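Okay, structure first, notes after.
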2 protein chains.
Amino acid sequence: MKAIEITQAWNGTEKCQQCPIRDLVLFADLKEDDFRLLHLPINDLELDKGSILYEQKDEINFVYTIRSGLVKLVRYLPNGSYRIIRLLRQGDLAGIEALNGSAYLHHAIAMQSTSVCQIPVKNIEQLNSHSSHLYRQLTARWQKVQSEADIWLADLTMGSSRSRVANLLIYLADSRPDESFYLPSREDIGALLAITTETASRIIAEFKRAGALNTLRHTAKIDKIKLRHFQQKGD
Amino acid sequence: MKAIEITQAWNGTEKCQQCPIRDLVLFADLKEDDFRLLHLPINDLELDKGSILYEQKDEINFVYTIRSGLVKLVRYLPNGSYRIIRLLRQGDLAGIEALNGSAYLHHAIAMQSTSVCQIPVKNIEQLNSHSSHLYRQLTARWQKVQSEADIWLADLTMGSSRSRVANLLIYLADSRPDESFYLPSREDIGALLAITTETASRIIAEFKRAGALNTLRHTAKIDKIKLRHFQQKGD
DNA sequence: CGGATCGTTGACAGGTATCAATGCTGGTGG
DNA sequence: CCACCAGCATTGATACCTGTCAACGATCCG
């Protein structure tokens, strides 16, 4: 049994060391010695659209690195409504609050097919007590989350609904080689921008008619030039 | 000259070890040995209302701990408008982005008389290379910022203006012994909640008329019971 | 094919921004 | 000490935007 665990751990770390997005992930600058400290297996998970990584009240055991796909962090409010707090993409961490806090702060749900690495919290704690490499990555990642949240707050919660939707589309298309991206449902767009589904639908439809947005199923492309006309209110 | 600097450093650390809010601040669980590593002076600054701690483009040299008062983090947008991204209060850190990034992400401005500790970034870096105590505090603080930003996003950027203002007032009054607090200018309230100054003014005036809010100059107290009627839209 | 879910569109009411005018207050200098 | 000024706060009128309620069309999947 122990042998199996060790083997799994080694598989895990082997995979980590060969990881194609290694420079993006939490373990970016771990040394070989550090990898020997990983005693629990790191699992690869493939998630279908709608799968739940964790829920707010779940017991805390894992942190997740997004390898590909898109994950939404959802917070339910006392009155029953909810809001999408943030989107996570390749290289982002989900559930880091597990390292300091006592419970997950959101529900994490895959918005499309998504693959993640599931990292036991105990691994992180063990590494942290032996090396400061990981702490550096953790603080760096936290800062990234924070600065992106700030930009989010500035771009996606002010101005008219039209400009907020335009900014969201630009954000989604951003850092995509061919600029094609997954267009969320109208309800999700509403929950992201604090507008109603109907308003989201009207605006998306308007963008399509204006030729600023083209969709095939849930895959979308934007015409950035045309879309910019909607970024600021009025024109 | 060197002697003076060392003396100053010792003054600084002496003060830190006796700091009345030490359990709240970054250096909470440093040991005596750690304090010996601080070679640059930590200064106490008293800031008047409107003073600027740092600006977005400033060179990065310091991190600040708020000892008392209120600081706003302001982000200017390309189109010239701006938004208050976050408020900082006792025990909060300003400018942590200086530790990983290359520039400050906001302007930090005192909203009332404020006292802060000015900590050279080099001190932090030095401590980090010798001990992981500080990293633990840093990650903990980052998480706090993040989770508060999330709540902020949920409470202060959705719903009617009336409920947003009500939530802001409750947030400001929160964790105050006598629940009396500094009431920001209508313009600042607008920048905090992404509403216009006129709307902010109308709602504040309405709350006053309803007896849910009392002010004397810029000092305010709320009647939480009455204010709750405004939290949800409609009633 | 049919039902369920999601997206689109319309009509209307209420909320908010905008433009504009007036009242209020704190600070300054005579 | 007082008068005045500049900035802030309040209030009104109006147009526009968005939420709400409702109906209908499109798409997905069994």
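Predicted, not measured: the structure shown is a model, and the values here were computed from it. So you know, we letter chains A, B, ... as the sequences are listed, proteins then strands, and number each from 1.
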I'd like to check the ring-ring contact (aromatic ring centres under 6.0 Å, His included) partners of A:Phe207; sequence neighbours left out, ordered by chain and number. A:Phe230

Taking only residues two or more places apart in sequence, or in another chain, which ones meet B:Tyr76 in a ring-ring contact (aromatic ring centres under 6.0 Å, His included)? B:Tyr82, B:His107

Grab the [atom1]-[atom2] distance between [X] and [N] for me, whole Å please.
{"X": "B:Ile203", "N": "C:dG15", "atom1": "CD1", "atom2": "C1'", "result": "10 Å"}
{"X": "B:Arg164", "N": "C:dG15", "atom1": "CZ", "atom2": "P", "result": "14 Å"}
{"X": "A:Met111", "N": "C:dC6", "atom1": "CE", "atom2": "P", "result": "13 Å"}
{"X": "A:Glu198", "N": "D:dT18", "atom1": "CD", "atom2": "P", "result": "13 Å"}
{"X": "A:Ile204", "N": "C:dT9", "atom1": "CD1", "atom2": "P", "result": "12 Å"}
{"X": "A:Lys49", "N": "D:dC29", "atom1": "NZ", "atom2": "C1'", "result": "13 Å"}
{"X": "A:Arg162", "N": "D:dG19", "atom1": "CZ", "atom2": "C1'", "result": "15 Å"}
{"X": "A:Asp188", "N": "C:dT5", "atom1": "CG", "atom2": "C1'", "result": "14 Å"}

Looking at A:Ser160, does any N or O in its side chain come under 4.0 Å of the phosphate oxygens OP1/OP2 on D:dC17? no

Are any of A:Thr196's side-chain N or O atoms less than 4.0 Å away from OP1 or OP2 of D:dT18? no

So does B:Arg202 reach the base of D:dG12 with its side chain, donor to acceptor, closer than 3.5 Å? yes

Ignoring hydrogens and angles, state whether a donor on the side chain of B:Ser68 or B:Ser115 is under 3.5 Å from an acceptor on the partner side chain. yes

Can you confirm whether the side chains of A:Gln146 and B:Trp142 place a donor and an acceptor under 3.5 Å from each other? yes

Ignoring hydrogens and geometry, is there a side-chain-to-backbone donor-acceptor pair from A:Asp58 to A:Glu55 under 3.5 Å? yes

When you measure from the side chain of A:Glu187 to the backbone of A:Thr197, do you find a donor-acceptor pair of N or O atoms at a distance under 3.5 Å? no

Would you tabulate the nitrogen or oxygen pairs shorter than 3.5 Å linking the protein to nucleotides 5-9 of chain D?
from	atom 1	to	atom 2	distance (Å)
D:dA9	OP2	B:Arg186	N	3.1

When we call it a touch if two heavy atoms are under 4.0 Å apart, what does A:Arg209 touch: a base, just sugar-phosphate, or nothing? sugar-phosphate

Base, sugar-phosphate alone, or nothing: which one does B:Arg217 contact when heavy atoms must sit under 4.0 Å apart? sugar-phosphate

When you measure from the centre of the six-membered ring of A:Tyr171, is the NZ or CZ of A:Arg86 closer than 6.0 Å and no more than 45° off the axis? no

Of D:dT20, C:dT16, D:dT10, the nucleotide closest to the side chain of B:Ala205 is D:dT10

